[in-house]
Amino acid sequence: MRLSQYFMPILRDDPKEAEIVSHKLMLRCGMIRQEAAGSYSWLPLGFRVLKKIEQIVREEQNRAGAIEVLMPTIQPADLWRKSGRYDAYGKEMLRIKDRHERDMLFGPTNEEMITDIFRQGVKSYKDLPRNLYHIQWKFRDEVRPRFGVMRGREFLMKDAYSFDLTRQAGQHSYNKMFVSYLKTFARMGLKAVPMRAETGPIGGKDSHEFLILAPTGESGVFFDQAFLDMDWTTFDIDYDDVAAVARVVEDFTSKYAATDEKHDAAEFEKRVPEAARVTGRGIEVGHIFFFGTKYSEPMGAMVQGPDGKMVPVESGSYGIGVSRLVGGIIEASHDEAGIIWPEAVAPFTVGLINLKAGDAETDAACDQLYKALAARGVEVLYDDRDERPGGKFATMDLIGLPWQVIIGPRGLKDGIAEVKNRKTGARENVALDRVLERFGA
RNA sequence: CGGAGUGUAGCGCAGUCUGGUAGCGCACCUGCUUCGGGAGCAGGGGGUCGGAGGUUCGAAUCCUCUCACUCCGACCA
């Protein structure tokens, strides 16, 4: 993409409504635009990141055996009356009437609808287990939305729902999601520590939330330093191996980790040596629940067991805040100059800087490299604008692409480009004809 | 939902107390000089002053109502 033809409205000053760093940076980079309290348009740069995150989530859900569907944002109220949550959910649920005066609502979550879908399609224990998910916009009419996309009212969420015949099978489904969450967040460069959680309005028996460390997080967190030293990235797992999956869960839940709601100071001090006690703030990026038959019973989601008897299915639900992750990753990865995108979610991999647009030789070298990179599938944002170098550097640092390739007359004399790593700041001179291979192209 | 604040150009702000031609910086347009870490000079464009009523010869400014947004607390992917 040529920056001269892109839509990326950069701001030099922080908009005053932004309080936390991710919100400021997203606005300054032109990633989002606020439309109402807690409601944002996603501009091209932000949209690319959102889609990258969504795709990683999708791949890891599929890998763990979940099956993608898509349910509507607007739901009929009757479904919720059946589960008893229409009244219980309170004002957070946005209620709407259609032209026939039928009660509708903008879905804050989908337990009811998915259970209804499941009920129609599955009658026998032979059809279990199943795990259905979708990635869809939710609306929760928060009393006080804030912090940009971190606590919006409208937000993109992945929610999965598992259905099993027995408690034990349900536990395995829960465990699979637990492990897939570790992998999902790790792929985005995050260490999301699983912590035992309150079940809240979703209700149920077992629950963990996944939190990433960030000073602006909304929850206080207390955990064992050993978590951060664990291997989050390389463990490979056979999701059908019940014992192996359970071992990973066991491994990641055996150490102390709690949010302030569940924190027990005495236990913390007993179980964690002083030097290893980490206390700080965390951002919740995922939350999983095992709730047994809480919804299947009232919703009549029954299957016929081997003995011919009807039994309610055991189910769980599993959420990842996809749009929140965009902010969360920035909170976890930025510096004074701007964002530092982990490569897996970066809107572009390479920022190509033409230091002297209008100079025939520099233009030619940049154009050639730009086309070659693009042709080989490297995502490159080419700053071909006629601007001064300082502004270009500042913009590129601000939007935080992992790599910068800097080409100007000075280096060009010797046939070299400069390659800069945004994260480390390290620069190296690379012969122009070697830049392609430098990016695996 | 309680408490506190703010609405003036794309962004940041002054002007409001004490009514009298709507301003500044950045950004944007034109020209010249510049050009490896946010340049200089000159010229220029852009505003229903959140909205509606009222007071007044005259309202960004005073009065009434209203809407939106932000922050602090209780709740949450």
Side-chain angles (χ1 to χ4, degrees), chain A residues 9-20 23-24 27-28 30 33-39 43 57 89-93 107-110 135-160 181 192 197-202 207-212 217-219 259 261 283-289 317-328 336-338 353-359 362 385-398 404 406-413 416-418 420 425 427 429:
Chain A
I10 296 282
L11 298 175
R12 230 169 122 162
D13 300 313
D14 290 332
K16 67 172 173 195
E17 77 264 20
E19 196 67 16
I20 64 171
H23 192 194
K24 287 179 183 169
L27 289 168
R28 286 192 54 205
R33 199 184 91 106
Q34 180 165 348
E35 301 296 353
S39 166
L43 305 184
V57 169
Y89 219 94
K91 287 196 164 179
E92 257 192 25
M93 187 153 77
T109 178
N110 284 68
I135 300 171
Q136 177 64 293
W137 292 90
K138 305 289 187 289
F139 192 94
R140 294 183 190 174
D141 201 354
E142 299 275 348
V143 186
R144 189 150 96 82
R146 64 190 118 164
F147 303 151
V149 300
M150 303 275 285
R151 175 161 306 288
R153 290 192 296 174
E154 189 171 346
F155 58 97
L156 187 61
M157 175 174 163
K158 184 285 300 181
D159 41 326
Y181 274 33
E198 299 288 351
T199 50
I202 307 280
S207 178
H208 286 91
E209 12 181 61
F210 292 75
L211 290 101
I212 57 176
E218 293 190 74
S219 317
T259 61
E261 290 172 342
I283 298 165
E284 182 183 353
V285 290
H287 201 160
I288 61 179
F289 303 87
S317 75
Y318 314 91
I320 291 179
V322 176
S323 48
R324 169 179 288 184
L325 272 166
V326 180
E336 286 297 302
I353 299 179
N354 181 337
L355 281 180
K356 194 162 186 178
D359 175 72
T362 315
R385 297 170 307 159
D386 183 14
E387 296 286 339
R388 298 166 55 78
K392 292 193 172 193
F393 290 134
T395 297
M396 210 51 94
D397 285 347
L398 177 67
Q404 296 172 14
I406 300 158
I407 295 181
R410 204 169 80 190
L412 222 43
K413 285 202 313 278
I416 58 164
E418 192 179 351
K420 177 183 157 186
R427 301 150 182 274
N429 289 324

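Letters A, B, ... mirror the listed sequences (proteins, then strands); counts begin at 1.
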Which base, if any, makes a Watson-Crick or G-U wobble pair with [N], both distances under 3.5 Å?
{"N": "B:rU6", "result": "B:rA68"}
{"N": "B:rG20", "result": "B:rC57"}
{"N": "B:rC28", "result": "B:rG44"}
{"N": "B:rU34", "result": "none"}

- request: Output yes when a side-chain donor or acceptor of A:Q34 lies under 3.5 Å from a complementary backbone atom of A:A36, and no otherwise.
  value: yes
Please pick, from [options], the nucleotide with the shortest atom-to-atom distance to any side-chain atom of [X].
{"X": "A:R28", "options": "B:rG37, B:rG10, B:rG38", "value": "B:rG38"}
{"X": "A:E284", "options": "B:rA77, B:rG38, B:rC35", "value": "B:rA77"}
{"X": "A:R12", "options": "B:rG38, B:rA77, B:rC35", "value": "B:rG38"}

Any [X] side-chain heavy atom under 4.5 Å of [Y] side chain:
{"X": "A:R28", "Y": "A:D14", "result": "yes"}
{"X": "A:E35", "Y": "A:E154", "result": "no"}
{"X": "A:L355", "Y": "A:T362", "result": "no"}
{"X": "A:K392", "Y": "A:R385", "result": "yes"}

[M] and [N], which share atom name [atom1], separated by this distance in whole Å:
{"N": "B:rG20", "M": "B:rC11", "atom1": "P", "value": "27 Å"}
{"N": "B:rC49", "M": "B:rA22", "atom1": "P", "value": "11 Å"}
{"N": "B:rA4", "M": "B:rA77", "atom1": "P", "value": "30 Å"}
{"N": "B:rA9", "M": "B:rC72", "atom1": "C1'", "value": "31 Å"}
{"N": "B:rG51", "M": "B:rG47", "atom1": "C1'", "value": "16 Å"}
{"N": "B:rU6", "M": "B:rA14", "atom1": "P", "value": "10 Å"}
{"N": "B:rA59", "M": "B:rA52", "atom1": "C1'", "value": "15 Å"}
{"N": "B:rU56", "M": "B:rG19", "atom1": "P", "value": "16 Å"}

Using a heavy-atom cut-off of under 4.0 Å over every strand shown, decide if [X] touches base, sugar-phosphate, or nothing.
{"X": "A:K24", "answer": "nothing"}
{"X": "A:D14", "answer": "sugar-phosphate"}
{"X": "A:G391", "answer": "base"}
{"X": "A:I406", "answer": "base"}
{"X": "A:K91", "answer": "sugar-phosphate"}
{"X": "A:G90", "answer": "nothing"}
{"X": "A:G327", "answer": "nothing"}
{"X": "A:L355", "answer": "base"}

message: For a quick check under 3.5 Å, do A:D159 and A:Q136 share a side-chain donor-acceptor pair by atom type?
response: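 A:D159 vs A:Q136: no donor-acceptor pair found between side chains.
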Nearest-Å distance for atom pair CD1/C1', residues A:I10 and B:rG12: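 Roughly 16 Å, once rounded to whole Å.
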- request: Indicate, with yes or no, if the rings of A:H287 and A:F289 have centres closer together than 6.0 Å.
  value: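 Distance test on ring centres: under 6.0 Å, yes.
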message: If stacking means aromatic ring centre less than 5.5 angstrom from the base's six-membered ring centre, planes under 30°, is A:F155 stacked on B:rA77?
response: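 Yes; by the centre-distance and plane-angle rule, A:F155 counts as stacking on B:rA77.
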statement: Note: A:K356 and A:P409 closest approach over all heavy atoms is CD-CG, 3.8 Å
message: Go nucleotide by nucleotide along RNA chain B from the 5' end; which of A:P15 and A:A394 gets its closest nucleotide reached first?
response: A:P15
Closest-nucleotide ordering on RNA chain B, the 5'-leading residue of A:T395 and A:M157: A:T395
Would you list the protein and nucleotides 69-74 of chain B atom pairs, both N or O, that sit under 3.5 Å from each other?
| from | atom 1 | to | atom 2 | distance (Å) |
| --- | --- | --- | --- | --- |
| B:rC69 | OP1 | A:A37 | N | 2.8 |
| B:rC69 | O3' | A:Q34 | NE2 | 3.2 |
| B:rU70 | OP1 | A:Q34 | NE2 | 3.0 |
| B:rC72 | OP2 | A:R144 | NH1 | 3.2 |
| B:rC72 | OP2 | A:R144 | NH2 | 2.5 |

query: To the nearest 0.5 Å, what is the distance between CE (A:M157) and OG1 (A:T109)?
result: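 Rounded to the nearest 0.5 Å, the CE-OG1 separation comes out at 5.0 Å.
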query: With respect to the phosphate group of B:rA39, does any side-chain polar atom (N or O) of A:R388 fall under 4.0 Å of OP1 or OP2?
result: yes
